[in-house]
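Step one of this worksheet: look at the structure below.
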Amino acid sequence: MLRFAVSPTNDLRLDTLRIALYNYIVARQRKEDFIVRIEDMDKEKNREGMDDEILDLLGLFGVHGSQVIHQSQNVRFHSAMALQLVHERKAFSCFCSDNWLANKREEAKQAGKGYAYDDACRNLPAELIIDNTNPFSIRIIRPDADIVIHDKILGERSFTPDGIDSFIILNQNKTPTYNFAVGVDDMLSDISFIIRSEEFLEETPKQEHVRNALKYEKQIEYAHLPVMTNLDDAPNIKELLKEGFLPEAILNYLVSIGNEMPQEIFTLEEAIEFLDLETIPNIPVSFNMDALKEINRAHLRGLDAKELSRFVGFADAEIGALARVYLAEVSTTKELKVKIAPIFSERNIPEAFTRECTVLANAIKEAPYFDEYVAFKDYVINETSLEDDNYLIALRLLLTNATEGPDIAEIYQHLKNYIGEIVK
RNA sequence: GGCCCCGUCGUCUAGCGGUUAGGAUCCAUGGUUUUCAUCCAUGUUACAGGAGUUCAAUUCUCCUCGGGGUCACCA
């Protein structure tokens, strides 16, 4: 069982989607189930409806969970297991105040050392606990030996007890903390393989520690993907879709970034066939709009002509083929629309070309049908006896409503049946 | 600051002890296309720095410098 865990507090980001895709792809490779877990423990930050929005977006990318779990539904299990740990003296009540802990942290910083809780409350006598009316949290007792993680990408990593620390598993209000909830939930869902961003690497041994304390024996496999940087001013998924990027192109980009695949352009099904976590180098990746555009362009080129035409507001294979010609210079459906729409709109002829255009238009209206551009061009030139380069620009203006663009002969091939419509 | 990771053309990268250090892109030049663009050809450009180990280091080790991550009663 693999899972994608996401909190419904913010719009789905590219790096988060990347993690979802990897988990889904590997689940399919291993022929295991895949679930989505909504980590909705922070009631303050949760955004209404965000969970459904995220699920809808995942669906666009072909990612479907066999079930959707809301973490908040598991709180009774979290509480029960925390209680069990307290009974077994693997966890203890901590009465340390926020201020006091903050001071400790500051002291450690001044001393140039890493901070770890000093276990001050670990061995409080029972009577001190019973009589204490102060609020308290529950901490799990730190492990007494290093915890070693075997990672498909990073290899073997070990973590010291100090680094793992006697961390809090239940807040003062007795809600479970992140690492405890996640550690328990992955156990409850029988998760076998976890792929996540390397920025969460330090959390992994803590969650392992929780499961060890609960005597859970199944070994979960890990792959920590190199972090994706440069995302602060990168567009989010919804914006990219609006800009005219295809989901399959975004998927292609996110799976190929920092990961040498046997071919540059691939589909989800091909990714399932080719992806090999073991060959991913441990190097941070950064978002690159140009690379994404290039991949989007390739996916648009691969579309069936009629399908492509729908993205620019038509349902006509010929116009789709025309749009494909324009992919030489643009890379999103939105940009494509900007190129195609004027062709079928009223002409906007610059002053300098009005004479040529009028003459040419009259000739074209009288012209018979020509299958080839060269014959068409020779005919109208001959009829109008215009000279020098200007007539070419004028002709382009009449045909496309623009002074520049791709090879006009190629454009004519797809436009020749519409000449009567567009040259008036 | 502690701990961890990373450093190859301007950019994205291949490389896993012996390579003329390869590709893509950008840039420049030439050519095709009676315009622009496309397309084709050619060319310039890189192992962060310093010590080791070795017959041999871009590759292994250490140090310096640079970049990133992480150190919550948030998830």
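The sequence lines fix the lettering, A, B, ..., with proteins before strands; numbering per chain opens at 1. Nothing here was measured: the structure is a model prediction, and the numbers come from that model.
For the residue pair A:Asp185/A:His78, the side-chain donor-acceptor check at 3.5 Å is satisfied. Side-chain contact check for A:Arg18 and A:Ser197: no donor-acceptor pair (N or O, by modelled atom type) lies under 3.5 Å.
Between A:Arg105 and B:C73, a side-chain N or O to OP1/OP2 separation shorter than 4.0 Å is present. The side chain of A:Asn46 places no N or O atom within less than 4.0 Å of a non-bridging phosphate oxygen (OP1 or OP2) of B:C74.
Here, B:U25 and B:U34 have their C1' atoms 31 Å apart, quoted to the whole Å. Atom P of B:C55 sits at a distance of 23 Å from the matching atom of B:C16, rounded to the whole Å. When the P atom is compared between B:C74 and B:C65, the two are found 37 Å apart, to the nearest whole Å. Only the P atoms considered, B:G50 is 12 Å distant from B:U59, to the nearest whole Å.
Nearest to the side-chain atoms of A:Glu404 among the listed nucleotides B:C36, B:U11, B:U70 stands B:C36. Of the candidates B:U70, B:A75, B:A37, B:A75 carries the atom nearest the A:Met41 side chain, counting heavy atoms from C-beta on. Side-chain proximity of A:Arg396 to B:U34, B:C36, B:C74: nearest is B:C36. Set against B:C73, B:U35, B:U38, the side chain of A:Ala328 has B:U38 as its closest nucleotide. Taking only side-chain atoms of A:Tyr391, from C-beta outward, the nucleotide of B:U34, B:A14, B:A75 with the closest atom is B:U34.
Between A:Val227 and A:Asp40, it is A:Val227 whose nearest contact on RNA chain B lies nearer the 5' terminus. The 5' end of RNA chain B is approached more closely, in terms of each residue's nearest nucleotide, by A:Lys113 than by the other of A:Lys113 and A:Val285.
Pairing for B:G2 is with B:U70, a Watson-Crick or G-U wobble pair whose two hydrogen-bonding atom distances lie under 3.5 Å. B:C39 is paired with B:G31 under the Watson-Crick or G-U wobble criterion, all donor-acceptor distances under 3.5 Å. B:C62 is paired with B:G50 under the criterion used here, namely a Watson-Crick or G-U wobble arrangement in which both key atom distances are under 3.5 Å. B:A56: no Watson-Crick or G-U partner with both key distances under 3.5 Å is found in any strand.
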Would you tabulate the side-chain donor-acceptor contacts of residues 92-112 of chain A under 3.5 Å, counting partners in other chains and residues two or more places apart, or write 'none'?
{"unit_1": "A:Ser97", "atom_1": "OG", "unit_2": "A:Trp100", "atom_2": "N", "d": "3.1"}
{"unit_1": "A:Glu106", "atom_1": "OE2", "unit_2": "A:Gln110", "atom_2": "NE2", "d": "2.8"}

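Among the heavy atoms of the strands, none lies under 4.0 Å from A:Asn179. Using a 4.0 Å heavy-atom criterion, one finds that A:Asp42 contacts the sugar-phosphate atoms exclusively. Heavy atoms of A:Glu410 sit nowhere under 4.0 angstrom from any nucleic acid atom. Among the heavy atoms of the strands lying under 4.0 Å from A:Phe200 is at least one base atom, whether or not backbone atoms are also near. Residue A:Gly163 is classed as having no contact, given no heavy-atom separation below 4.0 Å to the nucleic acid.
A salt bridge does not link A:Asp165 with A:Lys206: none of the charged nitrogens is closer than 4.0 Å to a carboxylate oxygen.
Note that CZ of A:Arg139 is 10.5 Å distant from CZ of A:Phe167, once rounded to the nearest 0.5 Å.
Every residue was checked against the side-chain contact (heavy atoms from CB on, under 4.5 Å) condition with A:Glu346, not counting sequence neighbours, and none meets it.
Residue A:Gln172 places a side-chain atom within donor-acceptor reach of the base of B:C73, judged by atom type and a 3.5 Å distance cut-off alone.
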